[in-house]
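In the text below, chain A, chain B and the rest are named by the order of the sequence lines, each starting its count at 1. Note that this is a predicted model, so its numbers are computed, not measured.
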Amino acid sequence: EADIYQTPRYLVIGTGKKITLECSQTMGHDKMYWYQQDPGMELHLIHYSYGVNSTEKGDLSSESTVSRIRTEHFPLTLESARPSHTSQYLCASRLVTGELFFGEGSRLTVL
Amino acid sequence: AQSVAQPEDQVNVAEGNPLTVKCTYSVSGNPYLFWYVQYPNRGLQFLLKYITGDNLVKGSYGFEAEFNKSQTSFHLKKPSALVSDSALYFCAVRGLNYGGSQGNLIFGKGTKLSVKP
């Protein structure tokens, strides 16, 4: 039973469109993360947040932006999508015991 | 700097045989180590972790992993593989005493496990 929700699960859009990927968790976790996953499997950290009004860029440079206005909500936005943004985006929150709890992912295809 | 390596892109095993998925790490100080599994079109699921204590850690679905400090390894094992174990497996590490961005998990590139009947 998922306690972290990502919507949409699948999205196909045209170049130049603005998109927002939603991520919500009901566990009250402070630390949340966005990973981009290549078709070849590798995970890249693109954004993270340690709490409300805290956002940082991750190891992989990304044209996306994030916000953290509420503890439970950590949306990711692309102002103008391009084919190079086609990927799977995984949201996660961190338990107090250290492990990450992942959502099911949002698979984005930009035509 | 922290790093984690999964030297095998793919591991093939016959059903019923033991399986091992390899992971080595580099971190200053004592590590937190994790294994995750990913099924097609799904997010990652936590399998097990090592923080301290017994070097053999038992996790979900019959998996276990052995922490070896001298070899800086944390290999994932299962005594008898199932076809349903076929998935992507990710090893991850972070240092115990890292703050800020260095406290984030670093993931390996993943290993595709294929179990044939």
Checklist line | Nearest-0.5 Å distance that lies between atom CZ in A:Phe101 and atom OG in A:Ser93 | finding: 7.5 Å

Check: Which atoms of A:Gln6 come close to chain B, meaning under 4.5 Å heavy atom to heavy atom: side chain ones, backbone ones, both, or neither?
Finding: neither

Check: Any chance CG of A:Leu111 has more than 12 other-residue heavy atoms, nucleotides or ligands included, within less than 6.0 Å?
Finding: yes

Next item on the list: For A:Thr97, check side-chain contact (heavy atoms from CB on, under 4.5 Å) against everything at least two apart and list the hits.
Entry: A:Leu95, A:Glu99, B:Lys49

Notebook entry, point to check: Measuring heavy-atom distances to chain A, does B:Gln6 have an atom under 4.5 Å in its side chain, in its backbone, in both, or in neither?
Noted result: neither

Margin query: Need one label for B:Leu44: side chain, backbone, both or neither, based on atoms under 4.5 Å from any heavy atom in chain A.
Written below: both

Margin query: Between A:Asp59 and A:His44, does the side-chain hydrogen bond (donor to acceptor under 3.5 Å, both in side chains) criterion hold? Intermediate values first, please.
Written below: CA-CA 7 Å; A:Asp59 304 320; A:His44 301 284; over 6 Å; no

